Amino acid sequence: MESQLDSVFNNEENIKVRVNNYTNYIEYYLPSDVNEENSEPLSYVFSIDDGKLVMNINISNILNKDYYKQTVLTDEGFFDESKLFYSKAGEYLNNNKQNIRYFFKAYDYDDECLLYFVSDNVNFYGYCDYDKASLMASKILQIAKACNVHEDRVLNDFSTTDVIDYQRSTIDLFEKTLPKDGPVDEFIIETNKQVSE
């Protein structure tokens, strides 16, 4: 299985596909052998044979990338690391000719596999029979490469950072310049005497 998964992720061939699903935040390609079971604005559930696949828009990473230019893809730690049998990290070229970072992990739970894929803009969680792991991984990668996430809309709708537009204005606090010599308090006292007279 490890060699089959290697062949999926080491294949740099980028097959041009036509996007066939459009939502407010994402446009994506769904292969004909993958069924969409549920669709929410940020999350999508697919079935492939007897396996299930959930795709989410990676909101936290999109926000982090915008506010903190140096970001690291993080593992949420949902799965038992002692059952990890395969992991891969790298970059792929998406259909918009952008390099997208990713990591992929596969976990062996007896005869079933749990799959975890994280990229700069989408996450996938899946489960399938162990012998279908490479098929499921290839579908994940195929869908991910064709995703076009509208990051500007995600930022607009999910960012809580207030942007303050500071405008510079000049205010004359004193009508005359401070003297070159002498303490400031003498100047202030002298000014107050002049005002009161």
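The model shown is predicted, which means the values in this text are computed figures rather than measured ones.
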Taking all heavy atoms of Pro31 and all of Ile143, pick out the closest pair and write down the distance. CD-CG1, 3.8 Å

For the student: nearest non-hydrogen atoms of Arg153 and Thr23, plus distance: NH1-O, 4.2 Å

The reported gap from SG in Cys147 to CD1 in Ile26 (rounded to nearest 0.5 angstrom) is 4.0 Å

How long is the gap from CG on Asn156 to CD on Glu151, to the nearest 0.5 Å? 13.5 Å

Value for CG (Leu115) from OG (Ser134), rounded to nearest 0.5 Å, stands at 10.0 Å

Kindly determine whether Asn95 and Asn148 satisfy side chain to side chain contact (heavy atoms under 4.5 Å, CB included), including the steps that lead there. CA-CA 8 Å; Asn95 282 351; Asn148 177 28; over 6 Å; no

If two hydrophobic side chains count as joined below 4.5 Å and joins carry through other members, does Phe85 share a cluster with Val8? yes

Note: Lys88 and Asn10 closest approach over all heavy atoms is NZ-OD1, 2.8 Å

Do Asp157 and Tyr25 meet the criterion of a side-chain donor-acceptor pair at a distance under 3.5 Å? yes

Using side-chain heavy atoms (C-beta onward) and a distance below 4.5 Å, is Asp49 in contact with Asp129? no

Aromatic plane relationship, Phe117 with Phe124 - under 30° parallel, 30 to 60° tilted, over 60° perpendicular: perpendicular

Within one Ile-Leu-Val-Met-Phe-Trp-Tyr cluster: Phe158 and Leu155, side-chain cutoff 4.5 Å: yes

With a 4.5 Å heavy-atom cut-off, do Glu36 and Asn21 have their side chains touching? yes

Answer yes or no: is there an ion pair linking Lys132 with Asp50, defined by an N-O contact shorter than 4.0 Å? no

Looking just at side-chain N and O atoms, do Asn56 and Asn123 make a donor-acceptor pair shorter than 3.5 Å? no

Atom pair CD/OG of Glu2 and Ser7 - distance to nearest 0.5 Å: 12.0 Å

Would you please indicate if the ring centroids of Tyr116 and Tyr125 are separated by under 6.0 Å? yes

Could you measure the distance from the NE2 atom of His150 to the CD1 atom of Ile57? Nearest 0.5 Å is fine. 9.0 Å

Carefully, step by step, assess Tyr127 and Met136 under the rule side chain to side chain contact (heavy atoms under 4.5 Å, CB included). CA-CA 8 Å; Tyr127 77 87; Met136 184 76 85; over 6 Å; no

Side-chain touch Met55/Leu53, heavy atoms, less than 4.5 angstrom: no

Side chain to side chain contact (heavy atoms under 4.5 Å, CB included) between Lys139 and Phe46: does it pass, once the steps are laid out? CA-CA 11 Å; Lys139 297 301 176 185; Phe46 309 124; over 6 Å; no

Just checking, any donor-acceptor pair under 3.5 angstrom between side chains of Tyr86 and Asp108? no

Do you know the tightest heavy-atom contact between Val19 and Ala146? CG2-O, 3.9 Å

Taking all non-hydrogen atoms of both residues, which atom of Val54 and which atom of Ser43 are closest, and how far apart? CG1-OG, 3.8 Å

Please tell me if the side chains of Cys113 and Met1 come closer than 4.5 Å, counting only heavy atoms from C-beta onward. no

Does Ser119 reach the side chain of Asn58, with side-chain heavy atoms less than 4.5 Å apart? no

Tell me whether the centres of the aromatic rings in Tyr130 and Tyr109 are closer together than 6.0 Å. no

Kindly give the heavy-atom pair with the smallest separation between Asn20 and Leu30, and that separation in Å. OD1-N, 2.8 Å

In chain order, what residues pass the ring pair (Phe, Tyr, Trp, His ring centres under 6.0 Å) check against Phe104, with sequence neighbours excluded? Phe9

Verdict with reasoning, Leu93 to Asn99, per side chain to side chain contact (heavy atoms under 4.5 Å, CB included): CA-CA 5 Å; Leu93 192 66; Asn99 281 320; 3.6 Å; yes

Nearest 0.5 angstrom please: Ile59 CD1 to Leu42 CG, how far? 4.5 Å

How about Asn96: does its CG atom have over 12 heavy atoms from other parts shown lying under 6.0 Å from it? yes

Neighbour count >12 (heavy atoms, 6.0 Å) for atom CG, Asp152: yes

